[in-house]
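Structure record follows, encoded as structure tokens.
Throughout, protein chains are lettered first and strands after them, A, B, ... in sequence-line order, and every chain is numbered starting at 1. Not measured: the values here are computed from a predicted model.
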There are 2 protein chains.
Amino acid sequence: MLLGRVARMYYEHGLTHQEIADTLGVSRIRVTRLLAEARETGVVEIIVHVEESLFADDERDLAAAFGLRQVWISPSVADEQKAARAFASVGAEALAAKLEPDAIVALGLSTAVALVAEEFPEQPLAASFVPVAGSVSGLVNGANPHELALAFARRTNGRAFHLPAPLLAASPEAAAASLADPGVREVLELAARADTLVAGIGGTARGQGLLLSSLGDAERERLLADGAVGDLAGRFFDADGEAVHGALDARVVGLGLDELRAIPNRLGIARGETKLAALRTALSSGLVNLLVTDSDTARALLAG
Amino acid sequence: MLLGRVARMYYEHGLTHQEIADTLGVSRIRVTRLLAEARETGVVEIIVHVEESLFADDERDLAAAFGLRQVWISPSVADEQKAARAFASVGAEALAAKLEPDAIVALGLSTAVALVAEEFPEQPLAASFVPVAGSVSGLVNGANPHELALAFARRTNGRAFHLPAPLLAASPEAAAASLADPGVREVLELAARADTLVAGIGGTARGQGLLLSSLGDAERERLLADGAVGDLAGRFFDADGEAVHGALDARVVGLGLDELRAIPNRLGIARGETKLAALRTALSSGLVNLLVTDSDTARALLAG
DNA sequence: CATTCTTGTGAACAAATGTACACGATCCCC
DNA sequence: GGGGATCGTGTACATTTGTTCACAAGAATG
């Protein structure tokens, strides 16, 4: 149990890596790595005894300003990688707080939610994770709803459902055919009965989000012309938070905006300047009633 | 609650001091200090989940070799200050493990025990701490039995007893007079009924320990001539672990060696090459049955 | 009111920690 | 048995952390 000895020498007796290496007859670098391992595996547990959250003020203000049930804010830092991880871990905390055992969780496709899945603590919850829309083809590094469901299910010892359909069908007819499939119907009906929705909120800037980047410029222009300001789980909405019905919308295989809105807990996960407009609308129109964002975005929302 | 925010940003989100300083608008150095404070005050708690102790093998071997009930070993490091603190904290752990609520603890004078007192965790035990011998005059930085008792009592919300007498009286007659004092008698009788004795073990090298260093060279030579190899709580013993009766012994105001030996838990706290001979005798003759030492001393004892 | 002490601060430096890279061993899959 | 991937390792370096020092503001003391 070298790991444990090293961990105790370091954390309980305050020896340096070098001193530990000397007494144990191993290299310093090995001690460094053992300590990292000890932290990762939970042999070393670090607890911060603070009830209040990091940005309690802003969280309260934001909830009040937009009539949200609860808000979680992660610290913004220059280092994008760190900011992303912090954001994801706050997202995981938020979801964990809202999740009861045996809950049904509806998942929108989103890279943000994918990161949350990676940070989600391992705990037996026996929840069901259900995609609200089909999958994107090609390489999308784990952001497909189905993969999200799998990742969450693995961590919570829960069940993952698969929606065997594309997010965007080739034509409205193809979408209708997909929706008529009993397997697809069944899963979407389950998603519609979810207790909690977890979804990213997308903006309309070029290349934003998985859905938009899979479209051509022409289709994007069309969306903007129809008044789209952002999307929630693959469904675009306008400045009033109402669905943008059109050629694109008819090709999406997934729950509609009204069905999403009928889910009691709707956790929106988004940050960044490019998402501001979409966020404002989604928040003020009640598309989501729970929010995870970062401190910069929070301040921008409060300032606006 | 700046402290808590800093602690969470650092330990939960992994930001660096500098990043935290930037987001919070304070200097980096201040963040460093807040984090140190958070650890000290217990806002941040670090737990190492390891059952087995650091030197489990040596502890078992040492206990077997000398017929001890239990042994605790602290890591030896080159940095003397760190080694001393590690030693003290292991000593504190050992004592804490043996201490039941309302226990009576007899305390020998010893700088080692003084360090243990400083590291002793704050916990309500309501124990009684009783000196087994009188006090040394002059500046002895907290190692006087009386001060030890106070330090322990403060940390455990317990009671400290005072033995109003010198450790070493000017003459055997003066010692006898001290011992005849009802206040002194009472406290010593209480000490004799203690559940646990905590004492350092002294060697006979020049300048060693509080008692020896207060003696002249002539008296020291006399002791050696009488066969003394070390002392326990102010009482010198010979190679058989038997009391060295003589001029010096008659001047000590405190429990005798036989009275000390009658205490059920006898925790000896000592480390270092200069203590080896005294330790060997104390251990093999059963003067103590519980031992706290460091890994170097432990190995030397096992090798010998 | 002057003055001593304490307390808190940051700059500059020293020390400790973490990371990128290169090397060698081992395991696996053909 | 030959590549090729993977793992564990240490060196050299970059980054982060902690410590020392000097200074300034405020509190306690004369």
Side-chain angles (χ1 to χ4, degrees), chain A residues 1-48 50 54 74-86 88-89 118-119 139 141-142, chain B residues 1-48 50 54 74-89 118-119 139 141:
Chain A
M1 200 53 205
L2 189 60
L3 194 81
R5 297 179 71 188
V6 167
R8 295 185 60 157
M9 284 190 185
Y10 188 72
Y11 286 107
E12 292 181 1
H13 296 300
L15 309 196
T16 67
H17 296 190
Q18 189 64 63
E19 287 170 329
I20 297 170
D22 292 347
T23 37
L24 261 48
V26 301
S27 76
R28 180 190 68 83
I29 196 69
R30 182 129 186 252
V31 172
T32 302
R33 283 170 186 154
L34 283 168
L35 283 171
E37 189 188 339
R39 285 186 296 259
E40 270 161 28
T41 58
V43 168
V44 169
E45 188 185 2
I46 302 183
I47 305 166
V48 180
V50 175
L54 273 182
S74 78
S76 298
V77 264
D79 182 334
E80 169 53 25
Q81 219 176 351
K82 252 179 207 167
R85 204 164 41 232
S89 85
E118 277 174 26
E119 294 286 331
L139 215 60
N141 51 46
Chain B
M1 201 52 203
L2 189 60
L3 194 81
R5 298 180 70 190
V6 167
R8 296 186 58 158
M9 285 190 184
Y10 189 72
Y11 286 107
E12 293 181 0
H13 297 299
L15 309 197
T16 66
H17 296 191
Q18 189 64 63
E19 286 170 329
I20 297 170
D22 292 346
T23 38
L24 262 48
V26 302
S27 76
R28 178 188 72 82
I29 196 74
R30 185 130 184 252
V31 172
T32 302
R33 281 170 186 154
L34 283 167
L35 283 171
E37 190 188 339
R39 286 185 294 258
E40 270 162 27
T41 58
V43 168
V44 168
E45 187 186 3
I46 301 182
I47 306 165
V48 180
V50 176
L54 274 181
S74 77
S76 298
V77 264
D79 181 335
E80 170 52 26
Q81 218 176 351
K82 251 179 210 169
R85 203 163 43 231
F87 180 59
S89 83
E118 277 174 28
E119 293 287 330
L139 215 59
N141 51 44

**Asked** Quick one: B:Asp22 CG to D:dT16 P, roughly how many Å, whole number?
**Response** 11 Å
**Prompt:** Base, sugar-phosphate, or nothing: which does B:Arg30 touch, judged by heavy atoms less than 4.0 Å apart?
**Reply:** sugar-phosphate
**Asked** Closer than 4.0 Å, any side-chain N/O of A:Arg39 to the OP1 or OP2 of C:dG18?
**Response** yes
**Message:** Please check if the number of heavy atoms outside B:Gln81 that lie under 6.0 Å from its CD is greater than 12.
**Reply:** no
**Prompt:** What's the OH-P distance between A:Tyr11 and C:dT17, to the nearest Å?
**Reply:** 9 Å
**Complete:** note: A:Lys82, atom NZ; D:dT15, atom C1'; distance rounded to Å ~ 10 Å
**Item:** OP1 or OP2 of D:dG18 under 4.0 Å from side-chain N/O of B:His17
**Value:** yes
**Request:** Mind calculating the distance between CD (A:Glu37) and P (D:dG8) to the nearest angstrom?
**Result:** 9 Å
**Item:** B:Val48 side chain near A:Tyr10 side chain, heavy-atom distance below 4.5 Å
**Value:** no
**Request:** Rounded off to whole Å, could you give me the CD1-to-P distance for the A:Ile29 and C:dA22 pair?
**Result:** 16 Å
**Message:** Does C:dT9 have OP1 or OP2 under 4.0 Å away from a side-chain N or O of B:Ser27?
**Reply:** no
**Item:** Atom-to-atom span, CD of A:Gln18 to C1' of C:dA14 - whole angstrom
**Value:** 16 Å
**Request:** Check whether any side-chain nitrogen or oxygen of B:Tyr10 sits under 4.0 Å from OP1 or OP2 of D:dT17, and answer yes or no.
**Result:** yes
**Residue A:Thr16, side-chain heavy atoms: nucleotide from C:dA16, C:dG18, D:dG18 that is nearest** = C:dA16
**Complete:** From CG of B:Asp79 across to C1' of D:dT19 the rounded distance in Å is 14 Å
**Whole angstrom value for the distance that separates P of C:dG10 from CZ of B:Arg33** = 8 Å
**Message:** With heavy-atom distances below 4.5 Å as the criterion, would you say the side chains of B:Glu12 and A:Ser89 are in contact?
**Reply:** no
**Item:** Backbone N/O of A:Leu54 and side chain of B:Arg5: donor-acceptor pair under 3.5 Å
**Value:** yes
**Message:** Quick check for you: among D:dT11, C:dT17, C:dA12, whose closest atom lies nearest to any side-chain atom of B:Arg28?
**Reply:** C:dA12
**Asked** Side-chain contact, heavy-atom cut-off 4.5 Å: A:Val31 with A:Met9?
**Response** no
